[in-house]
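Hydrogens, waters and symmetry mates are skipped; everything else that's a heavy atom, side chains included, is used.
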Amino acid sequence: MRIVVTDAATVVGGGIDLAFLREFGEVTEYDLTPPELLLERLQGAEAVLCNKTQITAQVMAACPTLKYVGLFATGYNNVDVAYAAAHGVTVCNVPGYSTEAVAQHTVSLLLAVTNRVHEYNETVAQGDWLRSSTFAYFPLPLMELNGKTIGIVGYGAIGRRVGAMARAFGMTVLVCGRRPIPDTDVQQVPFEELLSRSDVVTLHCPLNADSEGMMNAAAFAKMKPGAIFINTSRGGLVVEQALRDALDSGHLLGAGVDVLQVEPMTEDCPLYGAPRLLITPHIAWAGWETRRRLMGVVAENLRRFIAGDPINRV
């Protein structure tokens, strides 16, 4: 089998590599593949493994030998799955591998907003404690999570894990999901009610036609004054200018995001330099343990496809 990896640089490093793929056939590995070189690099390939490379209907039509698209990700909005299904191309993703890591990162962003550890560390590094006349100084407001309400939009594996962590802090958990939720420790409410009642709103839903831009100006206006917004899901769920306006106006206490509409960030991103906003570069999933788990499932997906019994097919 001829296997092409189009964007290896997005997953390898720090002790993680793709040597395991050699057991399945001839492997050609590219760090990144610009769109204008994609068709050339996929000619003759039977399998492509990718993270964010766009595998469109046009790409698959121009690569008749292609029979398998393996994703280094849970999301598959970069692949035309309808065309693939209609033309016998198997597409497999990796569900669930990053649940613990993304939930942990979500809470890390929330704690960074409420406890401001990085900001206080900077004041100490600048010598403010050396010059302090009291044993403690606290010019930057702090917040307890106990007794607060968190609203979780999307209650899959990650949303449930974030809910469990929030309850450990003593928070009330509101949930907005597509299906009835049997969990008696949370309250399922409509989206608008979740926005208006929550001290913290965090997104854990997929990006699709229904959810794209769901956090727009109207949605941010419905949030409580002084609330916190967190997004570790997909950048396309948020109208970035609307979030910037909510921060600039002081309506939101703060926000933390790990994802943007365009990645990597561009200089004209509305969120670049926004006040009281923490941005991390799409790393919630990138821990060593998490990526090692990812590679194990990628290998098993390919192994089962070759055996004629594909798993994690989307």
Side-chain angles (χ1 to χ4, degrees), residues 1-56 59-60 62-81 83-84 88-102 104-105 157-158 232 234 258-259 263-264 280-314:
M1 170 177 279
R2 180 162 182 251
I3 303 165
V4 174
V5 182
T6 60
D7 51 4
T10 65
V11 292
V12 300
I16 302 293
D17 61 40
L18 301 177
F20 67 91
L21 291 174
R22 294 176 193 145
E23 73 171 275
F24 302 111
E26 174 193 345
V27 180
T28 304
E29 185 178 324
Y30 298 100
D31 285 343
L32 295 170
T33 297
E36 62 271 18
L37 294 180
L38 183 59
L39 293 182
E40 175 187 331
R41 291 180 175 182
L42 290 185
Q43 290 306 307
E46 298 165 86
V48 57
L49 298 180
C50 63
N51 191 340
K52 302 301 179 188
T53 302
Q54 296 292 315
I55 308 297
T56 64
V59 168
M60 287 182 274
C63 301
T65 61
L66 191 63
K67 298 300 178 186
Y68 179 82
V69 178
L71 290 156
F72 292 109
T74 300
Y76 48 87
N77 53 294
N78 58 312
V79 180
D80 190 327
V81 293
Y83 182 93
V89 179
T90 298
V91 182
C92 295
N93 72 338
V94 185
Y97 79 98
S98 64
T99 297
E100 293 298 327
V102 176
Q104 177 179 315
H105 197 77
I158 296 173
T232 56
R234 286 290 183 266
D258 185 53
V259 288
E263 297 171 347
T280 51
H282 205 141
I283 57 168
W285 64 281
W288 182 84
E289 298 90 347
T290 315
R291 288 184 296 128
R292 185 181 182 188
R293 188 181 304 117
L294 168 68
M295 296 307 171
V297 181
V298 168
E300 187 61 18
N301 283 351
L302 188 54
R303 184 176 294 111
R304 294 284 292 272
F305 167 74
I306 294 170
D309 183 28
I311 58 173
N312 296 321
R313 191 170 184 173
V314 298

Check: If you measure from CD on Gln54 to CG on Asn77, what distance do you get to the nearest 0.5 Å?
Finding: 7.5 Å
Check: Is Glu300 salt-bridged to Arg303, cutoff N-O under 4.0 Å?
Finding: yes
Next item on the list: Could you note down all residue pairs passing salt bridge (Lys or Arg N to Asp or Glu O under 4.0 Å) where residues 305-314 supplies at least one of them, sequence neighbours left out?
Entry: Arg304-Asp309
Donor-acceptor pairs under 3.5 Å, side chain of residues 281-288 to any protein atom, not counting sequence neighbours: which ones?
residue: His282; atom: ND1; partner: Glu263; partner atom: OE1; Å: 2.7
residue: His282; atom: ND1; partner: Glu263; partner atom: OE2; Å: 3.1
residue: Trp285; atom: NE1; partner: His282; partner atom: O; Å: 2.8

Check: Under a 4.5 Å cut-off applied to non-hydrogen side-chain atoms, are Leu18 and Met295 in contact?
Finding: yes
Item checked: Any pair counted as ring-ring contact (aromatic ring centres under 6.0 Å, His included), so long as it reaches residues 290-314, sequence neighbours left out -> Tyr68-Phe305
Note to self: Looking at Thr65, is its backbone amide N or carbonyl O close enough to the side chain of Glu46 to form a donor-acceptor pair, meaning the two atoms are under 3.5 Å apart?
What the structure shows: no
Note to self: Return the SG to CG distance between Cys92 and Leu302, rounded to the nearest 0.5 Å.
What the structure shows: 9.0 Å
Notebook entry, point to check: Between atom NZ of Lys52 and atom OG1 of Thr6, what is the distance when rounded to the nearest 0.5 Å?
Noted result: 11.5 Å
Next item on the list: Enter the distance from Thr28:OG1 to Leu42:CG here, rounded to the nearest 0.5 Å.
Entry: 10.0 Å
Notebook entry, point to check: In Å, rounded to the nearest 0.5 Å, how long is the span from OG1 of Thr53 to CZ of Phe72?
Noted result: 10.0 Å
Notebook entry, point to check: With side chains defined as the heavy atoms from C-beta onward, is the minimum distance between Asn78 and Leu71 less than 4.5 Å?
Noted result: yes
Check: When rounded to the nearest 0.5 angstrom, what distance separates CD1 in Ile158 from OG1 in Thr99?
Finding: 5.0 Å
Check: Can you tell if the side chain of Leu39 reaches within under 4.5 Å of the side chain of Cys63, non-hydrogen atoms only?
Finding: yes
